[in-house]
**Student:** 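Starting off with a structure, shown below.
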Amino acid sequence: MEPIRITRATTLKKRPKDSDLGFGKVFTDHMFVMDFQEEKGWYDPRVEPYAPFSLDPAAAVLHYAQSAFDGLKAFRGRDRRVRLFRPQKHLERMNTSAKRMCIPPLDPDLALKSLVTLVGIDRDWVPASVGHALYVRPTIVASEPFLGVRPAHSYIYFVILSPVGAYYPEGMNPVKILVVDTYVRAVEGGVGAVKTAGNYAASLLAAEEAKHAGYTQVLWLDGVHRKYLDEVGTMNIMVKIGDEIITPPLTGAILPGVTRDSALTLMREWGLRVSERQISIDEVREAAHRGTLDEVWGTGTAAVISPVGELAYKGERIAIHGGRIGGLTQRLYDAIVAIQYATAPDTRGWTVDV
Ligand SMILES: *Cc1c(COP(=O)(O)O)cnc(C)c1O
């Protein structure tokens, strides 16, 4: 493995207070960068001072969005030590995303080393207060200046770090969600199952319209029937009806969330009845009418577990758990956060020390 070259920043930035962080607005002193050229493969892995890139205006990513990324977090535990949460799983997914976008994969060991090295150098940036963390954004973009439509011959892999607080200003308060039936996010065979730039650009209009109507996010229905639940914003969705917890299966249109996997793993260990199956918005609505719709929540790295307090569909407002956070939603949040901040033992090998 090629050694990582390290150039340290000569002047360090002033770090904001944890309470001023918000999400993804502040970046640390360093970044990781590595290049790819067809003849050389991936080469020159390095840590450099955080700075703008110079890109040719014809760079393929700027025109055709050939790119892949992921998002994970590093936490400062109660013991003051810094840990990455499930980095191998995130990097494995980034390579899956890369493959779908015709981007050459990264060596998994070098990719993990890029995260550990960079977070290690900027470790003072990892917030210590619960609810705060260092968000880690590994990204690959096509850099070749070429306007034809084909896979590029050169790429840049980079990692940037951002100390973050709550993803939603509401924090752990239940969010109001608009079920959209005018736009769709993805269809099977498309790119909905991978983290690639275009998915997020394509989702903006629906999210903006939902915001104007007073909702925090949208719930996406499946792209074919506009009937089955897919995802909520950029989170996977879980629904508790009676004693069954239901989440849509990984059929190729939804993102295979790491938090989704963590939540499913915990709930199965707790002996709960968990189904990965299609669930229609009508089933949710009927359960609400019968009084058996108990809890709805989203799962994702940014917010971890986000309770849903209300769903609006075709003008009908479906209140969930009286608009308050449900017991299982809270239990899942507490259990995952405890592992992240090392207040509970990590018995599953989910964390990697920095
Ligand atoms: C990232 C993402 C998720 C959540 O994945 P995690 O690995 O749990 O962070 C869910 N849906 C979409 C569309 C995403 O981009």
Side-chain angles (χ1 to χ4, degrees), residues 23-24 65 67-75 84-98 100-101 111 115 133-140 159 162 164 166-168 175 177 180 183-188 190-207 210 216-223 228-239 247-267 276 296-308 329 332-333 335-337 339-340 348 350-352:
F23 189 89
S67 66
F69 70 93
D70 220 284
L72 65 156
K73 280 177 172 172
F75 298 88
L84 287 159
F85 188 68
R86 308 196 72 181
Q88 295 97 334
K89 189 113 179 128
H90 284 277
L91 291 168
E92 195 186 300
R93 183 173 67 191
M94 192 170 70
N95 266 347
T96 305
S97 302
R100 178 66 180 82
M101 304 312 291
L115 305 187
L134 188 70
Y135 186 78
V136 180
R137 168 56 60 85
T139 307
I140 311 175
V159 186
S162 174
V164 297
Y167 187 71
Y168 291 126
V175 290
I177 301 291
V180 280
Y183 304 107
V184 298
R185 178 184 170 274
V187 291
E188 287 171 28
V191 293
V194 302
K195 277 200 188 297
T196 187
N199 282 343
Y200 304 85
S203 74
L204 296 176
L205 184 58
T216 304
Q217 256 302 349
V218 297
L219 190 156
W220 298 103
L221 298 176
D222 78 279
Y228 298 103
L229 276 54
D230 260 0
E231 301 205 52
V232 53
T234 57
M235 294 184 291
N236 296 113
I237 188 162
M238 299 187 173
V239 177
T247 197
L250 302 178
T251 51
I254 72 169
L255 209 282
V258 176
T259 319
R260 174 186 183 278
D261 181 80
S262 303
L264 291 178
T265 302
L266 289 170
M267 289 190 293
E276 292 177 66
V296 179
W297 66 90
T299 69
T301 294
V304 189
I305 300 285
S306 182
V308 174
T329 307
L332 273 173
Y333 177 82
I336 294 173
V337 164
I339 299 167
Q340 291 173 331
R348 302 165 196 88
W350 281 353
T351 62
V352 170

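Counting starts at 1 for both ligands and their atoms, following the listed order. The figures here come from the full heavy-atom set of this structure, side chains too, leaving out hydrogens, waters and symmetry mates.
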**Student:** Could you check which of G300, G71, A193, G233 puts a non-hydrogen atom nearest to atom 4 (C) of ligand 1?
**Tutor:**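 Minimum heavy-atom distance to atom 4 (C) of ligand 1 goes to G300.
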**Student:** Taking only heavy atoms of R185, which atoms of ligand 1 are found under 4.0 Å from at least one of them?
**Tutor:**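 Reading through ligand 1 atom by atom, the close ones are 13 (C).
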**Student:** Can you tell me which residue and heavy atom of the protein come closest to atom 9 (O) of ligand 1, and the distance to 0.1 Å?
**Tutor:** T301 OG1, 2.6 Å
**Student:** Any N/O of K195 closer than 3.5 Å to an N/O of ligand 1?
**Tutor:** yes
**Student:** Working note: R260 + E276, criterion salt bridge (Lys or Arg N to Asp or Glu O under 4.0 Å); need CA distance, chi angles, decisive distance, verdict.
**Tutor:** CA-CA 11 Å; R260 174 186 183 278; E276 292 177 66; 2.8 Å; yes
**Student:** At under 4.0 Å between heavy atoms, is it the side chain or the backbone of T259 that contacts ligand 1, or both, or neither?
**Tutor:**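 Contact part for T259 vs ligand 1: both backbone and side chain.
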**Student:** Identify which of V304, D70, T234 has a heavy atom lying nearest to atom 3 (C) of ligand 1.
**Tutor:** T234
**Student:** Taking C-beta and beyond as the side chain, do L115 and L72 meet within less than 4.5 Å on heavy atoms?
**Tutor:**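 Heavy-atom side-chain distance check passes, below 4.5 Å.
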**Student:** Quick one: does T301's side chain get under 4.5 Å of Y135's, heavy atoms only?
**Tutor:**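 Touching, per the 4.5 Å side-chain cut-off.
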**Student:** Check whether any side-chain heavy atom of W297 sits under 4.5 Å from a side-chain heavy atom of Y333, and report yes or no.
**Tutor:** no
**Student:** Would you call K89 a ligand 1 contact, heavy-atom distance under 4.0 Å?
**Tutor:**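 So K89 does not count as touching ligand 1.
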**Student:** Identify whether the distance between the nearest side-chain nitrogen and carboxylate oxygen of R93 and D70 falls below 4.0 Å.
**Tutor:**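 Here R93 pairs with D70 in a salt bridge, since their nearest N and O are under 4.0 Å apart.
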**Student:** Is there a side-chain contact between V194 and M94, using heavy atoms and a 4.5 Å cut-off?
**Tutor:**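 Side-chain contact under 4.5 Å: no.
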**Student:** Run the numbers for me: atoms of ligand 1, each under 4.0 Å from some heavy atom of G257, listed by number.
**Tutor:** 5 (O), 6 (P), 7 (O), 8 (O)
**Student:** Would R137 and S162 count as having a side-chain donor-acceptor pair, cut-off 3.5 Å?
**Tutor:**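 Not at all, the side chains of R137 and S162 share no donor-acceptor pair under 3.5 Å.
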**Student:** Is R260 in polar range of ligand 1, meaning some N or O pair under 3.5 Å apart?
**Tutor:** no
**Student:** Flag T299 as yes when one of its N or O atoms lies below 3.5 Å from any N or O atom of ligand 1, and as no otherwise.
**Tutor:** no
**Student:** If the cut-off is 4.0 Å to any non-hydrogen atom of E231, which atoms of ligand 1 fall inside it?
**Tutor:** 10 (C), 11 (N), 12 (C), 13 (C)
**Student:** Should you measure from each heavy atom of V258, which atoms of ligand 1 turn up under 4.0 Å away?
**Tutor:** 6 (P), 7 (O), 8 (O)
**Student:** In Å and rounded to the nearest 0.5 Å, what is the CG to CZ distance from L219 to R185?
**Tutor:** 12.0 Å
**Student:** Does a side-chain heavy-atom distance below 4.5 Å link V184 with L221?
**Tutor:** no
**Student:** What do you reckon, does H90 have a nitrogen or oxygen under 3.5 Å from a nitrogen or oxygen of ligand 1?
**Tutor:**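 No, H90 has no N/O under 3.5 Å of an N/O on ligand 1.
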**Student:** Distance under 4.0 Å to a non-hydrogen atom of Y200: what atoms of ligand 1 satisfy this?
**Tutor:** 13 (C), 14 (C), 15 (O)
